[in-house]
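Accompanying notes for the structure given below.
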Amino acid sequence: MEKQKVRINSERLTETIEHFANFGRTENNGVTRLALSEEDRLAREYFKTCCEALKMEVKIDDMGNMYALLPGLEERPPVVIGSHLDSVKCGGRFDGVLGVITGLEIVRTLVDNNITPKIPIMLVNFTNEEGARFEPSMMSSGVLSGKFDSEKMLNKKDADGKVFKEELAKIGFNGSEANRLKEAHAFLELHIEQGPVLQHEELKIGVVDCVVGMVCYEIKIVGDSNHAGTTPMHLRKDALFTTNNFIQDIRNELSSLPDDLVFTMGRLDVSPNVHTVIPNEVIFTIEARHKEPEVTAIVEEKIKKVQETVNSEGCSVFIEKLWDRSTVHFDNEMVQLLENVTKEQRLPYKKMASGAGHDAQFIASMIPTAMLFVPSINGKSHSEDEFTPYDDCAAGVNVMLEAVLELVK
């Protein structure tokens with residue numbers, strides 16, 4: 001007879017999700033828990049209490065990242081599980097925190113079943129993943145992986161001029177650089193999809209094999225302001241009209257590329273933004289995401305082509321590349337492990353790319369890494385409407401549990 005598989009306590013998982021949501025819960029059942037806020041402090045303290053109740057040692061590094069270690073039979077680099085506890089303003093109660101709770105529930109399950117892992121298990125809460133209070137996003141995992149300079153990050157200011165390192169000290173979570181995560185056997189992160197694909201395709205699990213690359217351009221259109229009532233149409237240099245031409249042209253051009261390319265005109269600033277004045281300047285952004293670098297390269301070519309061919313109606317058109325990032329591919333063996341476990345548990349799934357950024361993409365440069373997604377109802381995230389059914393959360397955590405058991409045996 002096949003040995004009964006160990007499974008998590010799904011009721012306890014639900015209770016834990018809702019308990020964490022109390023730290024910053026909004027009137028509409030969302031969460032506002034900005035990094036280094038009082039709500040963040042309370043969530044951190046509760047997480048620390050939960051870990052210490054499991055006899056885990058909790059350490060803090062200089063960026064405020066939290067590490068809770070469950071010893072193994074052997075002193076070896078640990079299997080790390082985690083994500084982040086901070087949220088955006090009026091965000092949801094699953095984004096990020098579910099990944100931290102996943103690790104907590106896995107350790108609780110091992111303790112319940114008197115299972116001592118051969119390899120240590122570490123839970124991690126990365127500081128300021130969202131970047132909603134202190135820019136950039138994924139700040140602390142970026143420091144760990146050498147993407148960002150720690151001194152610059154520690155001196156970042158929020159909109160009120162408050163300094164990151166001072167706010168970190170204020171909530172009592174400023175630790176030592178010596179405690180930073182430097183090596184591990186593996187890193188696993190479970191996250192809500194933040195998109196509609198899994199629900200639309202009636203799937204329970206997304207096995208994430210990469211975080212897609214992206215490119216972002218800023219377009220500036222410069223015209224000439226004049227009175228909206230007295231300037232004939234044929235004598236105008238209307239920056240907004242030219243912007244409209246550019247957006248329509250680039251949309252047509254990019255729509256000819258592969259269907260899995262996504263692109264967004266996400267910011268539009270019009271000057272002087274007065275209904276009686278012809279706009280003299282418009283600045284807007286174009287962001288495109290795709291896992292194949294050849295596709296994002298074509299996007300850049302098409303943006304430059306439209307700059308040259310757009311009907312500018314007498315205006316000047318300037319483009320500037322703000323930034324880009326390459327696709328991050330996760331460890332093949334780790335991805336295969338998650339896929340195998342998902343199959344064994346007979347859960348409908350697909351391998352998929354992540355269009356959103358996650359701490360895992362930075363940690364992947366240091367440690368063999370993989371991610372799982374669970375469905376987001378109507379694709380909602382960064383919203384008070386964000387919801388993932390608790391049964392789907394439990395299914396994802398059970399896949400992670402089995403994968404961890406394979407890694408630490």
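Atom set for the values below is all heavy atoms of this structure, side chains included, hydrogens, waters and symmetry mates excluded.
For residues 369-392, the set of pairs meeting the salt bridge (charged side-chain N to carboxylate O under 4.0 Å, His left out) definition, not counting sequence neighbours, comprises Lys204-Asp392. Within the structure, every pair that satisfies the salt bridge (charged side-chain N to carboxylate O under 4.0 Å, His left out) test and touches residues 304-320, not counting sequence neighbours, is listed here: Glu253-Lys305. Legend: salt bridge (charged side-chain N to carboxylate O under 4.0 Å, His left out) pairs involving residues 231-241, not counting sequence neighbours: none detected. Applying the ring-ring contact (aromatic ring centres under 6.0 Å, His included) test to every pair with at least one member in residues 125-147, sequence neighbours left out, gives these pairs: Phe126-Phe187, Phe134-Phe164. Within the structure, salt bridge (charged side-chain N to carboxylate O under 4.0 Å, His left out) pairs that include any residue of residues 77-102 comprise Glu18-Arg93 (at least two apart or interchain). Pairs of residues two or more places apart, or lying in two chains, that qualify as ring-ring contact (aromatic ring centres under 6.0 Å, His included) and include a residue from residues 281-321 are Phe246-Phe284. Sequence neighbours left out, the pairs with a member in residues 342-366 that pass ring-ring contact (aromatic ring centres under 6.0 Å, His included) are Phe148-Phe362, His191-His358, His358-Phe373.
Val274 is linked by a side-chain contact (heavy atoms from CB on, under 4.5 Å) to Pro272, Thr276, Val277, counting only residues two or more places apart in sequence or in another chain. The ring pair (Phe, Tyr, Trp, His ring centres under 6.0 Å) test applied to His19 returns Phe23, Tyr46, not counting sequence neighbours. Shown here are the side-chain contact (heavy atoms from CB on, under 4.5 Å) partners of Ser255, two or more places apart in sequence or in another chain: Arg251, Phe263.
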Less than 3.5 Å apart, which donor and acceptor atoms pair up between the side chains of residues 216-225 and the rest of the protein, not counting sequence neighbours?
from	atom 1	to	atom 2	distance (Å)
Tyr217	OH	Glu300	OE1	2.6
Glu218	OE2	Arg267	NH2	3.0
Ser225	OG	Ile278	O	3.2
Ser225	OG	Asn280	OD1	3.4

Show me the donor-acceptor pairs, under 3.5 Å and distance only, between side chains in residues 136-143 and residues at least two apart or in other chains.
from	atom 1	to	atom 2	distance (Å)
Ser140	OG	Thr127	O	3.1
Ser141	OG	Met138	O	3.4
Ser141	OG	Asp359	OD1	2.6

